Amino acid sequence: MNERELDLQLIQRIQNGEQQAFALLVRKYQTRVANILTRYVRSSGDIPDVSQEVFIKVYKSLPNFRGDSAFYTWLFRITVNTAKNYLTSQSRRPPASDIDAEEADSYDGSGALKDEDNPESILHSQEVKQVILKVIGGLPDELKSAITLRELEGMSYDEIAQIENCPIGTVRSRIFRAREAIDKQLKPLLEN
Amino acid sequence: MKEYSQDLSSLIDNEFDDQEIIDAVLGDVELQQQFSRYQLIGDVLREESDGLDLRVDVTDSVMAAIAGEMQDDNVVPLTTPEKQDTNVVPFMKRFGQYAIAASVAGVVVVSSLIVNQDNATDASSTPVLNTVPFGGAAAPVSLQATPAQTENDIKERNERLEALMKDHQLQLQTKP
């Protein structure tokens, strides 16, 4: 199953009345949405509000989603439009280097207009990143390799199994153990 | 209780076949939070979260806003009362048509009786139809005299009227 199929399954559940399935979509995509918004919304304090507006628009428009394009491409388009509307309401112009839906899958947000007036959030973000990298650095090589190939290279379990010369079940287990080790350190940091 | 953490990790990677894990996550808040953290690990490693306040999670506020909007949508608007079905309009519609048809037929019959009367008949012999205006005299509507109608003309007109009436009756009968 690929990402597109999972998203479609969740959308079908939402359309059948399982509202919690939408919560899962929000959890899955909120960081990516916020990342796109940083290109338009200068004040980090406004990003949660605009993000919320994006997801409410998405929810309302879901009956019109036909699945012709990937959900993320569609979400990306709504995010950019909402951000532009936000700028208009703030009487500001969109950035000169605009982005469109075709770039959705490859957009990494580098060079975006990051908010730098909130040192506390930057410090926290850096701390989270350091913890994750530190835990990964201390993992056994096979776990480190599995999580890196999956998260950074975007490889499937099958591809990783071929590279690592091990069964898919082993890859599944290694990636999970790596995440479990990181999560143990990450959870208290996010709760605090 | 079944431990779903490994299945959750597979779900994040879209590497699962069992739908059970989706059901489990949707019904368990702790699993949903764990899903968020697993997702965040990837986002941070891919540097998609740089510059963002990672303490902010909009899920709850989005779901609350949606629930609020749905509640608003369920309120029945006061200005649009539901239209009630009554038999009054269909009754009037159906029998009204018959009433109109009957009156038209009556008018036709009466007018044809008048027209068919002998032209030679003295006006004074039909006092009922010999109406005299209150003023004692009536001004002519038009100075142009109408040409005298032959019997054939009258017969033709009556036949045309009858055909029209039959057609009208037929239309009324065939109407649902």
Side-chain angles (χ1 to χ4, degrees), chain A residues 1-3 5-6 9-10 13 18-24 26-28 30-32 34-35 38 44 47-48 51-52 55-56 59-60 108-110 112 114-116 118 120-122 124-125 128-129 132-133 136 147-148 150-152 156-157 168 172-173 175-176 179-180 182-183 186-187 190, chain B residues 3-19 21-73:
Chain A
M1 180 173 285
N2 57 34
E3 183 170 67
E5 287 168 343
L6 171 62
Q9 273 199 20
L10 291 174
R13 282 171 177 258
E18 278 188 83
Q19 230 181 37
Q20 274 305 312
F22 189 69
L24 212 58
V26 177
R27 287 183 190 281
K28 185 176 177 184
Q30 63 174 320
T31 306
R32 279 193 252 181
N35 188 30
T38 55
S44 66
I47 286 179
S51 293
Q52 181 176 319
F55 283 112
I56 290 171
Y59 184 84
K60 284 181 174 174
D108 64 358
S110 55
K114 305 288 187 189
D115 175 60
E116 290 180 2
N118 192 345
E120 200 189 340
S121 79
I122 291 169
H124 184 261
S125 176
V128 167
K129 193 171 181 177
I132 292 172
L133 291 176
I136 290 177
I147 190 81
T148 307
R150 172 63 213 157
E151 294 290 20
L152 291 180
S156 68
Y157 285 6
I168 287 182
R172 188 185 305 273
S173 166
I175 291 174
F176 163 63
R179 283 194 175 125
E180 196 182 32
I182 299 167
D183 189 45
L186 190 61
K187 192 180 174 186
L190 293 173
Chain B
E3 175 59 56
Y4 284 106
S5 293
Q6 185 163 322
D7 293 332
L8 188 69
S9 173
S10 303
L11 178 70
I12 295 276
D13 298 329
N14 311 303
E15 299 267 2
F16 70 103
D17 299 317
D18 197 353
Q19 296 295 307
I21 178 62
I22 299 181
D23 293 327
V25 174
L26 295 183
D28 187 335
V29 177
E30 174 54 37
L31 274 178
Q32 287 170 25
Q33 288 169 349
Q34 198 173 346
F35 179 93
S36 289
R37 293 195 300 273
Y38 281 8
Q39 193 71 50
L40 184 65
I41 293 168
D43 293 337
V44 170
L45 285 175
R46 288 186 296 271
E47 298 185 337
E48 288 177 347
S49 62
D50 284 4
L52 299 176
D53 191 342
L54 301 180
R55 295 162 300 182
V56 175
D57 184 342
V58 297
T59 312
D60 291 341
S61 60
V62 167
M63 296 312 287
I66 288 171
E69 292 214 2
M70 283 179 70
Q71 215 167 21
D72 290 347
D73 289 346

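These figures come from a predicted structure and were not determined experimentally. In what follows, chains are A, B, ... by sequence order, proteins preceding strands, each numbered from 1.
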Exercise for review: Would you indicate whether the side-chain heavy atoms of A:Q19 and B:M63 approach each other to under 4.5 Å?
Suggested key: yes
Check your understanding: Is chain B contacted by the side chain of A:L133, its backbone, both, or neither, given a heavy-atom distance below 4.5 Å?
Key -> side chain
Practice item. Return the option, out of B:A67, B:A65, B:S5, with the maximum number of heavy-atom pairs under 4.5 Å with chain A. Key: B:S5
Exercise for review: Using non-hydrogen atoms and a 4.5 Å limit, figure out which bit of A:Q30 sits close to chain B: side chain, backbone, both or neither.
Suggested key: side chain
**Study point:** A:R179 and B:D13, any side-chain heavy atoms less than 4.5 Å apart
**Key:** yes
Study note, to complete from the structure: Heaviest contributor of heavy-atom pairs below 4.5 Å to chain B, chosen from A:I175, A:T31, A:I136, A:L152, is A:T31
Point to revise | Heavy-atom proximity to chain B below 4.5 Å, by part of A:T148 | key: neither
Check your understanding: Side chains of B:L11 and B:Y38: closer than 4.5 Å at any heavy-atom pair?
Key -> no
Practice item. Name the region of A:I132, side chain, backbone, both or neither, that has any atom closer than 4.5 Å to a heavy atom of chain B. Key: side chain
Review point. Chain A: which of B:D43, B:V56, B:I66, B:D53 shares the most heavy-atom pairs with it under 4.5 Å?
Key: B:I66
Exercise for review: Counting only heavy atoms closer than 4.5 Å, note whether B:L8 contacts chain A via side chain, backbone, both or neither.
Suggested key: neither
Check your understanding: Residues two or more places apart in sequence or in another chain: which of them pass salt bridge (Lys or Arg N to Asp or Glu O under 4.0 Å) with A:R13?
Key -> A:E18, B:D23
Check your understanding: Is it the side chain or the backbone of A:Y157 that comes within 4.5 Å of chain B heavy atoms, both, or neither?
Key -> both
Exercise for review: State, yes or no, whether a side-chain contact exists between B:V44 and B:L54 at a heavy-atom distance under 4.5 Å.
Suggested key: yes
Practice item. With a 4.5 angstrom heavy-atom cut-off, could you sort out which part of B:Q34 is near chain A: side chain, backbone, both or neither? Key: side chain
**Study point:** Among B:L40, B:D60, B:D57, residue most engaged with chain A (heavy-atom pairs, under 4.5 Å)
**Key:** B:D57
Review point. How many angstroms lie between atom CG of B:L26 and atom CG of A:L10, to the nearest 0.5 angstrom?
Key: 7.0 Å
Point to revise | Residues that A:K187 engages under salt bridge (Lys or Arg N to Asp or Glu O under 4.0 Å), provided they are two or more places apart | key: B:E30
**Study point:** Interchain contact, B:F35 with chain A, by part (heavy-atom threshold 4.5 Å)
**Key:** side chain
Review point. Does B:E15 offer a backbone N or O that forms a donor-acceptor pair with the side chain of A:R172 under 3.5 Å?
Key: yes
Exercise for review: Sort out for me which of A:D183, A:L190, A:I56 touches chain B most, counting heavy-atom pairs under 4.5 Å.
Suggested key: A:D183
Review point. Hey, does the side chain of A:Q52 reach the backbone of B:V62 with a donor-acceptor pair shorter than 3.5 angstrom?
Key: no
Practice item. Using non-hydrogen atoms and a 4.5 Å limit, figure out which bit of B:V58 sits close to chain A: side chain, backbone, both or neither. Key: both
